[in-house]
2 protein chains.
Amino acid sequence: MLSRFFSDRSIMEARLARPQSVSDGEVISRLAGVFRDVGYEGASMAQLAEATGLQKASLYHRFRGGKQQMAEEVLASAIGWFADNVLRPLNGDGPPAERLAEAIRSLNDFYDGGSKACLLNMLSSPRIEEGPFSRSIKDALEALVDAFAHLCVAAGWKREEARRQAERLVTMLQGSLVLSRGTGSTAPFRNFLADLPGEVLERPSGTDTLE
Amino acid sequence: MLSRFFSDRSIMEARLARPQSVSDGEVISRLAGVFRDVGYEGASMAQLAEATGLQKASLYHRFRGGKQQMAEEVLASAIGWFADNVLRPLNGDGPPAERLAEAIRSLNDFYDGGSKACLLNMLSSPRIEEGPFSRSIKDALEALVDAFAHLCVAAGWKREEARRQAERLVTMLQGSLVLSRGTGSTAPFRNFLADLPGEVLERPSGTDTLE
DNA sequence: GTCTATAACAGGATAGAC
DNA sequence: GTCTATCCTGTTATAGAC
């Protein structure tokens, strides 16, 4: 979307006829910051313009679908980054411990050590019920569960239990972000990341003898 | 707040001079439903009036502080109910299994089987940063951790580990509600409640031999 | 205490110059 | 592509009758 086919041209145009004052990636990134802070309804066009350094009309020029399209592209971008930096290592085929370590580093970056909320949570409640975000959010959560389950299987878990554990991990991730925001401390998120290796690599010893 | 000192009088006044068409408790309950669905910014006065069956001006008569006061009283009411029905059993002194069972029933009621979001999450992001909700939310989350920790100690956990486990449980609670909303299924919440007794009453056998 | 009507404002979105 | 200026709907909030 946007000037995908003109990304090089827009560089050449800088300071010329129609200089693109802020790159598309930078705009998306700054919009994301606002949506993550205050959610969809809480984000005003004035605030989004302020954050990007563009005027409202300029934002509408880039996103003809208005605020909704901005949130959609922000969400798509975040999901893409997540797929590249979190899901890919989890779904890889190297040593589980190393794959997990890479995913943990990415998670720490993505949530800035626990100081940034999750878009999947912040965009879950717009008045637009069953709107354009619902499907993406659901798919993203399930893809993350799948990826963790894949890793757990590689770490030796039985398929059934790997899935349950993966659901627990995604639950803990989201919960730790809620608590970090609610308590004003990043400790819950940091504790979650610190516990992750143990949760994945050390299976409970007594429970896997039944099946 | 409100007509606390006139609760009986307001009944006698019904259909007389100033009939209170909807009870205070009922108004708070219906307002809570809206805030839990769409959050603070997402809730408009028109929607709140619609949900309560009152006109906007009538709502302003009852809540002179406007929407913010409504959210404050809704939050205070929910926290009060939580203290009576969830924290009290957890902090009680009967058999841990029975106390937990009662708390679980209350949690299931409170979140309607996982179909209702948590106000502590939904009110965490208003533009009013560090606003009137932050303190209550932080205190409520910490009180819940304390109560679970108290129960874990009663169930035989060591104090340090009881606290860590309690934090994990509150994290799981919040996370399961996020996932339930995000995936459109109450399964994550129901799984959380189903796992709770095991998480509290069955301590890990291998990890408590070090200290 | 509730209502209708309306004020005062902020919000999302657009027009058109450059 | 960006800007200033503006439109118009929806929002919060108030006035005043009953």
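Naming convention: chains lettered A, B, ... in sequence-line order (proteins, then strands); numbering from 1 in each chain.
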For this session: Among the candidates C:dC3, D:dG1, D:dC3, find the nucleotide nearest to the side-chain atoms of B:Leu54.
Result: C:dC3
Exercise. Hey, what's the ring geometry for B:Tyr111 with B:Phe189, parallel, tilted or perpendicular (30° and 60° as the breaks)?
Worked result: perpendicular
Problem set entry | Distance, rounded to the nearest Å, where B:Met45 contributes CE and D:dT14 contributes P | 10 Å
For this session: Specify the separation, in whole Å, of atom CD of B:Glu50 and atom P of C:dC3.
Result: 13 Å
For this session: Provide, to the nearest angstrom, the distance between the CD atom belonging to A:Gln20 and the C1' atom belonging to D:dC3.
Result: 15 Å
Problem set entry | Protein-nucleotide distance (A:Lys56, atom NZ; C:dA10, atom P), rounded to Å | 11 Å
For this session: Check the distance between D:dT2's P and A:His61's NE2 and give it to me in whole angstrom.
Result: 7 Å
Exercise. Has A:Arg62 got a side-chain N or O lying under 4.0 Å from the OP1 or OP2 atom of D:dT2?
Worked result: yes
For this session: Go through D:dT2, D:dT4, C:dA13 for me and flag the one nearest to the A:Ala57 side chain.
Result: D:dT4
Exercise. Which of the following nucleotides, D:dT14, C:dT2, D:dT2, is nearest to the side chain of B:Tyr60?
Worked result: D:dT14
Exercise. Can you tell me if the side-chain N/O atoms of B:Ser58 get under 4.0 Å from OP1 or OP2 in C:dC3?
Worked result: yes
Exercise. Just wondering, do B:Asn121 and B:Leu177 contact through their side chains at under 4.5 Å, heavy atoms?
Worked result: no
Problem set entry | Distance-only side-chain donor-acceptor flag, B:Ser136 / B:Asp139, under 3.5 Å | no
Exercise. Rounding to a whole Å, what distance do you find between A:Phe63:CZ and C:dT14:P?
Worked result: 15 Å
Problem set entry | Minimum-distance nucleotide to B:Gln55 side chain [options: D:dT12, C:dT2, C:dT4] | C:dT4
Exercise. According to the interplanar angle, ranging from 0 to 90°, do the rings of B:Phe82 and B:Phe110 count as parallel (below 30°), tilted (30 to 60°) or perpendicular (above 60°)?
Worked result: perpendicular
For this session: Quick one: pull up CG in B:Leu100 and CG in B:Leu169 and give me the separation to the nearest 0.5 Å.
Result: 9.0 Å
For this session: Rounded to the nearest angstrom, tell me the gap between atom CZ in B:Arg64 and atom P in D:dA15.
Result: 12 Å
Problem set entry | Spacing between B:Glu41 atom CD and C:dG12 atom P, to the nearest angstrom | 11 Å
